[in-house]
Amino acid sequence: MSRPRGGSRTSILSRAPGAAYGEGVVTMRGTLPPGSPDYVYVPVEVPPGVSEVQVSYTYDKPAVPPGTPGNALDIGLFDERGTGLGGEGFRGWSGGARTEFFVRADDATPGYLPGPIRPGTWHVVLGPYTVAPQGLSYELTVTLTHGEPGGTPEPVYPPARAKGRGRAWYRGDCHLHSWYSDGRRTPAEIASLARAAGLDFINSSDHNTHSSHPHWAPEAGEDLLIMLGEEVTTRNGHVLALGTDPGTFVDWRYRARDRRFGRFADRIRETGGLVVPAHPHGTCVGCGWKFGFGEADAVEVWNGPWTPDDEVTLAEWDNQLVRSVREGRGWLPAMGNSDAHRDPDTVGLPQTVVLADDLTREAILEGIRAGRSYVAESRSVSLAFTASADGQVAGPGERLEVVDHDTPVTVRLEATGAPRCTIRFVTDQGVLFTSEPLPVAGSGVAEWRTTASYATYVRAELRHEAAVGPVPGVMAAFTNPVFLAPVTAR
């Protein structure tokens, strides 16, 4: 008998004929009760001479009462360097997307990292995502194959620069999943869909693994900047590590109560990336964001097709804008991404359109960080949003300085590609202007006059016509705000 770290008891059921423990094929079985730890580590002794580690598993899925979660068991692997937080020994994670995987020096299953198979105690990590009232019984089979080790390929990563158009508006989708986690598309398929959607940049964001990073290089080109990252998928919410250095791994094994998130937010920024909480009000188990926004650089307000949880996130984000103005502190820019996994998920629905100095990783991230951006449902929708006074003009994410609180300010939105959409101007008081629907041609202009005493910031929304009654309608686009501030208040 061997006891995994984290609870439960695992029994060795069988070995290959003549094989000592740690050699050949070993089958183990265990049961995880309700309330099990988030992660359970099953030790596997790897002797010298092993060239490949293969793992497969099954678990039971008993019937449960309506409204009660059933069994769902994630899986991953750590090598002889250990399971310490930070991931030095991390060799891969597939969550619940695969029932088997392998690692060798020269290759690995998508989601896992090729590299040397060194002797020592390895660990299969089990993640009981949800456990039925009856408990979760699993069977784990580990196959150790002896042989000559192959060579580990030197990773090649996509360049940090594409051709670009100088200072311009660039379209991107920064939340995408490939078959290196729970997606069903290859990097080549995603890149092709991104180009078809009119995108200039994308960001890889597979769940809890950076194994895809070297596989994006062949898909980059002068017309498409590919940034690298990870969707850090904790039990208390998901966060995009957006645009990190190639090969960066960010650990996910903590909850908000552990007070460890700041350490990993720092790691994201230290490796050049942005910290972006994803779908903060998502309704799936563990998707709701519980860490607060003090460590965030931006927030994903729109995730995939517009749904009620996006509406809640938009309202919460707007409340944070009010708070930032009241407290005189920095504000949190908003983003939109598709979170596309597989057909029929649409890459580029929505997309973040960023004003950047060039099509480089550094310039795009700076534009997002500054909030010089808007979010649109497709390449068809384009916006030009400004606030002007006394010859001064400011756009999304910028500050319009006026002589005093009562200086007249003109807010203007030009829109194309938004047939029958309604334009709304939103301030710290709420919606203060609503246009008539745009014509079927989809182009139009709305202007509104205000002052800094009446509106400390203004942002714009384009919404499709409401289907019934007072329902606000599905979002077509929205902008980050322009802040209005009198010079005398500086």
Asks: When the ring planes of Phe90 and Trp252 are compared, do they come out parallel, tilted or perpendicular, using 30° and 60° as the limits?
Replies: perpendicular

Asks: Identify the heavy atoms of Phe78 and Gly87 that sit nearest to each other, and give their distance.
Replies: CE2-CA, 4.3 Å

Asks: Students often mix this up, so state it plainly: with edges at 30° and 60°, are the rings of His207 and His177 parallel, tilted or perpendicular?
Replies: parallel

Asks: Give the minimum heavy-atom separation between Tyr180 and Thr209, together with the two atoms involved.
Replies: O-CG2, 3.5 Å

Asks: Atom CG of Leu274 and atom CD of Glu366: how far apart are they, to the nearest 0.5 Å?
Replies: 9.0 Å

Asks: Salt-bridge test for Arg459 and Glu461: reply yes if a basic N is under 4.0 Å from a carboxylate O, no otherwise.
Replies: yes

Asks: Of all the heavy-atom pairs spanning Val103 and Leu113, show the shortest one and how long it is.
Replies: CG1-O, 4.0 Å

Asks: Quick test of your reading of the model: are Arg263 and Asp266 salt-bridged, counting only N-O distances below 4.0 Å?
Replies: no

Asks: Could you tell me which residues satisfy salt bridge (charged side-chain N to carboxylate O under 4.0 Å, His left out) with Arg235, sequence neighbours excluded, listed by chain and number?
Replies: Asp38

Asks: Out of curiosity, Asn236 CG to Phe291 CZ, how far, rounded to the nearest 0.5 Å?
Replies: 5.0 Å

Asks: Under the side-chain hydrogen bond (donor to acceptor under 3.5 Å, both in side chains) definition, can you give me all pairs with a residue in residues 294-305, not counting sequence neighbours?
Replies: His175-Glu300, Arg269-Glu295, Arg269-Asp297, Glu300-Asn303, Glu300-Asn337, Asn303-Asp339

Asks: Quick one: sort the His213 and His210 rings into parallel, tilted or perpendicular, breaks at 30° and 60°.
Replies: perpendicular

Asks: Would you find more than 12 non-hydrogen atoms of other residues, nucleotides or ligands less than 6.0 Å from Arg326 atom CZ?
Replies: yes

Asks: Would you please indicate if the ring centroids of Phe102 and Tyr112 are separated by under 6.0 Å?
Replies: no

Asks: If the threshold is 4.0 Å, N to carboxylate O, is there a salt bridge linking Asp345 and Arg184?
Replies: no

Asks: Can you see which heavy atom on Glu189 is nearest to which on Thr186, and at what distance?
Replies: OE1-N, 2.8 Å

Asks: Closest approach of Pro280 and Val299, non-hydrogen atoms and distance?
Replies: CG-CG2, 3.7 Å

Asks: Rounded to the nearest 0.5 Å, how far apart are CZ of Arg463 and CE of Met475?
Replies: 3.5 Å

Asks: Any Lys/Arg nitrogen of Glu270 or Arg267 sitting under 4.0 Å from an Asp/Glu carboxylate oxygen of the other?
Replies: no

Asks: Are the charged groups of Glu139 and Arg29 less than 4.0 angstrom apart, N to O?
Replies: yes

Asks: Please report the interatomic distance CG(Leu136) to OH(Tyr129), rounded to the nearest 0.5 Å.
Replies: 14.0 Å

Asks: Could you state the interatomic distance from CG (Asp79) to CD1 (Ile117), rounded to the nearest 0.5 Å?
Replies: 8.0 Å

Asks: Would the Phe433 and Phe425 ring centres measure less than 6.0 Å apart?
Replies: yes

Asks: Would you call Asp343 and Arg185 a salt bridge, using N to O less than 4.0 angstrom?
Replies: yes

Asks: Counting only heavy atoms not in Trp317 (residues, nucleotides, ligands), do more than 12 fall under 6.0 Å from its CH2?
Replies: yes

Asks: Excluding sequence neighbours, so at least two apart, what forms side-chain hydrogen bond (donor to acceptor under 3.5 Å, both in side chains) with Trp331?
Replies: none

Asks: On a heavy-atom basis, which atom in Asp200 and which in Tyr170 lie closest, and how many Å separate them?
Replies: OD2-CA, 3.4 Å

Asks: How many angstroms lie between atom OG1 of Thr244 and atom CG of Leu240, to the nearest 0.5 angstrom?
Replies: 10.5 Å

